[in-house]
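Here the structure is laid out as structure tokens; the discussion comes afterwards.
Note that this is a predicted model, so its numbers are computed, not measured.
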Amino acid sequence: MSEAWVELDGVREGELPAHASDGRSGDRVGFLESGLLHVRDGRAVFARWSDVLGVLAHDGAAYVLLPRRPPSQPWVEVDRAMLGDEPDAVKAFARRVSERGSGGGYRDAVRKRRQNLTDTALESKVRRREPVPGALEVPSTIVLGRRYPWLGAVQLGALGLGGVLGYFAFVGIFMATMAMPRDARPLAMLFSYAMPVVGVVLGAWGAREIGRRWRAAKDRTLPRQRVLVLAPDGCVVGFRGGVRTLKWTQVGEFGTGPTEPNYDMGLVVRAPNGDKLGDLDAGWLDAPLRLVVAVAEAYRKAAR
């Protein structure tokens, strides 16, 4: 595992090593001497304090920024259910995380990972999907290399199985009607004739559901188009007009605004003088737009 990413990520709760375990169970977040523990649905993420790249409060939850291996989101969400009912629980948690970060604040955690890469070198690493220490990759909705081997055959099998089961149901009910009173036979036979149709309908539904689940599971393992990578030496942004690498001195603000050509709301990158450098369609981001903007701004301020 590269040091560029959090090592204990998505580990089963019961498989945590001693230094990363708090001996508890259930969804929770814990402050350990060696780092931050986050557990949800039985899966744990443990980050050393030196790995914490930022923390922010957003829409009633806290987001701890971590260099997680893509396609995982580059943060863990800590909601109010994990923090209790105190009015300022989220802000208090964010303050504690910041205080426990490397050097008494997370800004050093970003800056110390600078490699003094040129724009060309940084973009080259990102394009080749090489790990960049301290980098956060915002999840994208654009899946690359999307192929589903054997899915069609499995769906066809499900459809055929539905038809076969419908046929046998028809035969079984039809034979059973022979033992029924004569006046009950018409309704029973009508029911039996409907069985093949019901079988085909159920087979079609099963094939559709299999396809949906199969594609979703496969998509989670496939690489995504990189549209926004935040790194200690700069950021790589996939604008509509092409990929551009920017030094942090060139970026004045990440915000929201209309994007061309449809003028839907998206992420807008501006220079220090306010000029627009480019924009990103919100549909390209596999996370809420306002959260992405907040994360990008927090990282920019830590890296500048």
Side-chain angles (χ1 to χ4, degrees), residues 4 52-59 63-67 70 73-75 94 98 101 105-142 224-304:
V52 176
L53 302 177
V55 60
L56 62 109
H58 177 76
D59 278 355
Y63 294 84
V64 182
L65 310 186
L66 302 173
Q73 293 179 327
W75 55 71
S98 181
Y106 57 78
R107 292 189 176 186
D108 289 340
V110 174
R111 292 171 179 171
K112 76 178 183 180
R113 288 172 168 82
R114 286 177 178 162
Q115 298 176 290
N116 295 319
L117 297 173
T118 64
D119 293 356
T120 301
L122 176 58
E123 184 174 327
S124 178
K125 278 180 170 287
V126 169
R127 287 184 181 274
R128 294 198 304 266
R129 298 187 176 274
E130 295 181 3
V132 178
L136 301 186
E137 178 177 335
V138 176
S140 166
T141 58
I142 307 170
R224 305 294 181 97
Q225 178 67 51
R226 292 181 154 183
V227 296
L228 180 58
V229 178
L230 310 169
D233 290 309
C235 61
V236 182
V237 191
F239 293 129
R240 190 180 301 275
V243 176
R244 186 171 177 185
T245 302
L246 301 167
K247 291 293 187 183
W248 290 116
T249 54
Q250 297 175 273
V251 181
E253 179 188 30
F254 291 95
T256 61
T259 61
E260 299 178 2
N262 298 323
Y263 295 97
D264 295 328
M265 292 299 290
L267 183 145
V268 176
V269 185
R270 298 189 181 279
N273 63 2
D275 289 347
K276 182 177 176 179
L277 299 175
D279 56 50
L280 269 175
D281 192 321
W284 296 356
L285 303 168
D286 195 17
L289 174 61
R290 291 180 63 244
L291 174 59
V292 172
V293 170
V295 167
E297 271 292 278
Y299 193 97
R300 180 186 67 82
K301 292 174 182 178
R304 67 186 181 184

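Judged by distance alone, with hydrogens and angles left aside, the side-chain atoms of Thr259 form a donor-acceptor pair with the main-chain N or O of Asp264 at under 3.5 Å. Of the possible polar contacts, none joining the Ser140 side chain to the Val227 backbone as a donor-acceptor pair under 3.5 Å is found. Under a 3.5 Å cut-off, the side chain of Arg111 and the backbone N or O of Pro232 do not form any donor-acceptor pair.
In this structure, Pro288 and His58 have side chains that are not in contact, with every pair of non-hydrogen atoms separated by 4.5 Å or more. Residues Val52 and Leu66 form a side-chain contact, since some pair of their non-hydrogen atoms from C-beta on lies under 4.5 Å apart. Between Arg127 and Val236 the shortest side-chain heavy-atom distance does not fall below 4.5 Å. Side-chain contact between Val138 and Leu285 is present, with heavy atoms from C-beta onward closer than 4.5 Å. By the 4.5 Å heavy-atom criterion applied to side chains, Pro74 and Val295 are not counted as neighbours.
The shortest heavy-atom contact between Met265 and Pro258 is SD-N, 4.0 Å. Contact record, Phe239 with Gly278: CE2-C, 3.3 Å, taken as the closest heavy-atom pair. Considering every non-hydrogen atom in both Ala302 and Val110, the closest pair reads CB-CG2, 4.0 Å. Contact detail for Leu65 and Ala298: the closest heavy-atom pair is CD1-CB, 4.4 Å. Scanning all heavy atoms of the two residues, the minimum distance from Gly134 to Arg113 falls at CA-CD, 3.2 Å. Shortest non-hydrogen contact noted between Asp286 and Gln73 is O-NE2, 4.0 Å.
For the side-chain contact (heavy atoms from CB on, under 4.5 Å) with Val251, the qualifying choice from Glu297, Arg300, Arg270 is Arg300, the only one to do so.
Residues that satisfy the ring-ring contact (aromatic ring centres under 6.0 Å, His included) test with Trp284, not counting sequence neighbours, are absent from this structure.
The distance from atom CG of Leu246 to atom CG of Leu122, rounded to the nearest 0.5 Å, is 10.0 Å. Between atom NZ of residue Lys276 and atom CD of residue Glu253 there is a gap of 12.5 Å, rounded to the nearest 0.5 Å. Taken to the nearest 0.5 Å, the CG atom of Asp59 stands 4.5 Å off from the CZ atom of Arg290. Taking CG of Asp119 as the reference point, atom CD of Gln250 lies at 6.0 Å (rounded to 0.5 Å).
Note on ring orientation: taking the six-membered ring where Trp is involved, the planes of Trp248 and Phe254 are perpendicular (angle over 60°, cut-offs 30° and 60°).
The salt bridge (Lys or Arg N to Asp or Glu O under 4.0 Å) analysis of residues 230-244, with sequence neighbours excluded, yields the pairs Arg240-Asp281.
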